[in-house]
Amino acid sequence: MLEPKDDLRHQLRPDPHARESLFYNVLLPDEGLMVFVYTWVDSANRAGHLFAVVGDDNERLVFSAVDGVDVGGRDFDDWAVRGLWLRHTDLLRTADFGVDIEGASLRATFTGTHEAFDYAQNADGCPAFIADNRFEQSARVTGELVLDGRTIPFDTTGHRDHSWGTRDWDTIQDWKWISAQAGDGVSLNVMQLHARGETTRHGYVFRDGTLEPVVDVRTRAEYDDNWWQTALHLTVTDAGGRQTELTARRYALLRFDAGERLTLHEAGCRGTIDGRAAVVHFEAGWDRAYAQAQAGRG
């Protein structure tokens, strides 16, 4: 079971793959923008961040990546890494954060629309090469983005996750990670992993005031000539026996590399959940050589 302290830092093993990481998104389809915020720290107190504001086709309007910053014992109730700050004060519920870099600034408040869900609740658990544990949470997101002097206020839905333990990217063969919200009352998170010859499924469905673990996932995706995902149809069955249908079509995409061999393609999408308008984040991870081999095949 998650405890409030799980929204703060954990003791990490002295392992080269050990890390604790936090992710937040803000999807603004009417502006054609996806905001991607990621920060992490390793067992030696070396931290980093990746902050990006992108349009489609990997158009990086803002991109800031730093690593190896010594943060000592600083915790997530008062976090700061070179232009990024974060406050987890109402643990497992609310997070305030901001970014100030050349050409852009961000202020946002995330307020969970349901309790945080950890992958230990799934039948497949949380794979040891991903984390000791990991939680996901949909949220109401309010704030403003300032981009090249233009202020863009937002009041929308979004998603955050928090993981701690081993993150061995190079064990993964490929994966799909999807978060989506149709207003405050309907949301889902799915991670479908292929690794070490096995397929595992993780995440939740939140509907009708009830949060249920995912038990089955069926995906059908479409790709462009870069092997960047353009659309998705997802069918999820949860532990309560409910079946949920999601559709998504890309409007923004960020590409970057992780580990020695994996590439991540992050797509901001317009979509639906059971016919209701939704915002969708669809991440696909592939071996770089495989993705290159597929590009252009049609």
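- Ring to ring, F135 and F117 are not that close: their centroids are 6.0 angstrom or more apart.
- The stretch residues 42-53 participates, sequence neighbours left out, in these salt bridge (charged side-chain N to carboxylate O under 4.0 Å, His left out) pairs: D42-R46.
- By the side-chain hydrogen bond (donor to acceptor under 3.5 Å, both in side chains) test, R218 pairs with D216, sequence neighbours left out.
- Aromatic ring centroids of W169 and W175 lie under 6.0 Å apart.
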Cut-off 3.5 Å, no hydrogens considered: what does the side-chain donor-acceptor table look like for residues 64-76, sequence neighbours left out?
{"from": "S64", "atom 1": "OG", "to": "H49", "atom 2": "NE2", "distance (Å)": "2.9"}
{"from": "D67", "atom 1": "OD1", "to": "W40", "atom 2": "NE1", "distance (Å)": "3.0"}
{"from": "D70", "atom 1": "OD1", "to": "G72", "atom 2": "N", "distance (Å)": "3.0"}
{"from": "R74", "atom 1": "NH1", "to": "D78", "atom 2": "O", "distance (Å)": "2.8"}
{"from": "D75", "atom 1": "OD1", "to": "R9", "atom 2": "N", "distance (Å)": "2.8"}

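- Under the ring pair (Phe, Tyr, Trp, His ring centres under 6.0 Å) criterion, H114 pairs with Y204, F206, sequence neighbours left out.
- In summary, the aromatic rings of Y223 and H265 are positioned with their centroids too far apart to meet the 6.0 Å limit.
- Residues S163 and S21 bring a donor and an acceptor atom of their side chains to less than 3.5 Å of each other.
- When each of N25, V26, L84 is checked for a side chain to side chain contact (heavy atoms under 4.5 Å, CB included) with V37, only L84 meets the rule.
- Residues D7 and H162 approach most closely at OD1-ND1, 3.5 Å, considering heavy atoms.
- In this structure, W286 has its ring center under 6.0 Å from that of W227.
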> Checking side chain to side chain contact (heavy atoms under 4.5 Å, CB included) for the pair L92/L2: CA distance, chi angles, key distance, verdict?
Replying inline: CA-CA 9 Å; L92 294 181; L2 287 174; 4.3 Å; yes
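- Atom CZ of R107 has more than 12 neighbouring heavy atoms from other residues, nucleotides or ligands inside a 6.0 Å radius.
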>> Please evaluate residues H233 and E245 with respect to the criterion side chain to side chain donor-acceptor pair (under 3.5 Å), reporting the C-alpha separation (whole Å), side-chain torsions for both, the decisive distance (0.1 Å), and the verdict.
In response: CA-CA 7 Å; H233 183 269; E245 302 283 336; 3.0 Å; yes
> Stepwise, does the side chain to side chain donor-acceptor pair (under 3.5 Å) test hold for T166 with R13?
Replying inline: CA-CA 8 Å; T166 297; R13 295 180 297 275; 3.2 Å; yes
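- Sorted by first and then second residue, the ring pair (Phe, Tyr, Trp, His ring centres under 6.0 Å) pairs with a member in residues 142-161 read H159-W177; sequence neighbours excluded.
- Under a cut-off of 6.0 angstrom, the local environment of CD in E115 is sparse, with at most 12 non-hydrogen atoms contributed by other residues, nucleotides or ligands.
- Here ring pair (Phe, Tyr, Trp, His ring centres under 6.0 Å) pairs that include residues 235-260, with residues two or more places apart or in two chains, are F36-F256.
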